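One structure below.
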Amino acid sequence: MTRIPHATSGEPNPLQLLTLDGLRRRTSMKWRTYPEDVLPLWVAEMDVPLAEPVLRAVTDALELGDTGYPAGTAYAEALAAFAGKRWDWDGLAVERTAIVPDVMLGVVEMLKLVTGYGDAVVVNSPVYPPFYHFVAHLDRRVVEAPLGADARIDLGVLEETFRQAVADGRRAAYLLCSPHNPTGTVHSAEELSAVAALAERYGVRVVADEIHAPLVVGGADFVPYLSVPGAERGLSLMSASKAWNLAGLKAALAIAGLGAAADLARMPEEVGHGPSHVGIIAHTAALRDGVAWLDALLAGLDTNRRLLADLLAEHLPGIRYRPGDATYLAWLDCRALGLGDDPADVFLHRGRVALNSGLPFGTGGAGHARLNLATSTEVITEAVRRMTAALH
Ligand SMILES: Cc1ncc(COP(=O)(O)O)c(C=O)c1O
């Protein structure tokens, strides 16, 4: 598989282009949830300007008044081409895709297709908190199969969880987070093949949330779940939203394996009315023309990971941080600091720096905090300074 090259295009590091004063003018969740004196490194928004091809595509659409309803398959075609080049995956069939409003609503719709009321949805805790509440809101039962101590899928635990989930003859699904939020774990081809084999053995349907797929660095290879042998009955959700910071421009794609095409075809038509036409234009431009920008971002994130590891080693050696190979999120094990179950609360109130509490990430989240690295080196440095000050 292709290694992701580091920035060679002359594209500047997008993480170093904005000032804090400019960012504070933003009205999104990251910037408006806490008072102005709090440095926000929590929700997964990035401190970057839009990639130029995305800005151009959206601006052109607005100038044209091209703000009607979406049509066609350009988004799926752009993703298929990106997947072919980036991951050597030629199996993304445009006719087995559907546009959905965003990844989480797509997850909900996929789970509706393959499970019923009260059925189990297996997740690998600690994991992205909406996996819990979106699934609960759907009247499915979240069942945890915690990651191993190495932050990788524990196949023995997963098998036992699958066995119990279907023991009374019920249907069950496995909501796989690939790459994994918050640990940044990139699942290997072997692990994913083993997952597919287990899912087939127990009749568990796999729904893979692959939103962080373009955000893999560090020599790891992203393996699309649907590309592994035995995964034909799987469903995947992909989007340009995380990697190009487009959460406010709503769109995502649901993708069915060969054996899940009939399930995806049952998705109600109205779900496809949710995504924004301008969002689809933005996502399509990102995948088609935003690769040099993405590579510059990944190089910047690599720098930030190393910077954070160095700063923590120097100033907060009690925090255990194992940089993952993907996402822009750092999962900090703060248990040795003796700050209790919710160190993020201490950093917020005593240090005026906002991280995500580990608690909503489920089992394995207590004593942890999640830090968003998609910012400048200056902000990361200041965040660690504040975290350090909070302990004194
Ligand atoms: C694993 C994961 N899935 C889904 C989402 C949300 O995606 P969307 O805004 O497309 O629903 C996020 C956002 O951070 C995420 O980390």
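For the numbers below, each heavy atom of this structure counts, side chains included, while hydrogens, waters and symmetry mates do not. First listed ligand is number 1; within each ligand, the first listed atom is number 1. Counting from 1, the numbers follow the sequence of the chain as shown. In this text, all values refer to a predicted model and were calculated from it rather than measured experimentally.
Here the side chains of Tyr128 and Met104 are in contact, with some heavy-atom distance below 4.5 Å. Side-chain contact between Leu105 and Lys250: absent, with no pair of heavy atoms (C-beta onward) separated by less than 4.5 Å.
For Tyr75 and His283, the ring centers sit closer than 6.0 Å to each other.
The option from His212, Glu210, Lys250 that lies nearest to atom 16 (O) of ligand 1, judged by heavy atoms, is His212.
In this structure, the side chain of Ser125 does not engage the main chain of Val127 through any donor-acceptor pair within 3.5 Å.
Nearest protein heavy-atom neighbour of atom 6 (C) of ligand 1: Tyr128 OH, 3.2 Å. Residue, atom and distance of the protein heavy atom nearest to atom 1 (C) of ligand 1 are Asp209 OD2, 3.3 Å. Ranking protein heavy atoms by distance to atom 11 (O) of ligand 1, first place goes to Met104 N, 3.0 Å. The protein atom (non-hydrogen) at minimum distance from atom 7 (O) of ligand 1 is Ile211 CD1, 3.1 Å. From the protein, the heavy atom lying nearest to atom 10 (O) of ligand 1 is Val103 N, 2.8 Å.
Against a heavy-atom cut-off of under 4.0 Å, Ala44 is close to the following atoms of ligand 1: 14 (O). Of all atoms in ligand 1, numbered sequentially from 1 with element shown, those under 4.0 Å from a heavy atom of Lys242 are 13 (C), 14 (O). Within ligand 1, the atoms closer than 4.0 Å to a non-hydrogen atom of Asn181 are 15 (C), 16 (O), numbered from 1 in the order shown.
Polar contact with ligand 1: absent for Phe131 (N/O pair, distance under 3.5 Å).
Note on Arg288 versus Glu77: no salt bridge recorded, every NZ/NE/NH1/NH2 to OD/OE distance being 4.0 Å or above. Between Asp302 and Arg305, at least one side-chain N (NZ, or NE/NH1/NH2) sits under 4.0 Å from a carboxylate O, which counts as a salt bridge.
Judged purely by distance below 3.5 Å, without hydrogens or angles, the side chains of Thr115 and Arg171 never pair a donor atom with an acceptor atom.
Partner of Trp42 under the ring-ring contact (aromatic ring centres under 6.0 Å, His included) criterion, out of Trp31, Tyr34, Phe347: Tyr34 alone.
In Ala247, neither the side chain nor the backbone holds a heavy atom less than 4.0 Å from any atom of ligand 1. Here Asp102 has heavy atoms under 4.0 Å from ligand 1 in both its backbone and its side chain.
Ligand 1 has Cys177 within reach: a non-hydrogen atom of the residue lies less than 4.0 Å from it.
The CZ atom of Arg140 lies 12.5 Å from the CG atom of Leu175; values are rounded to the nearest 0.5 Å.
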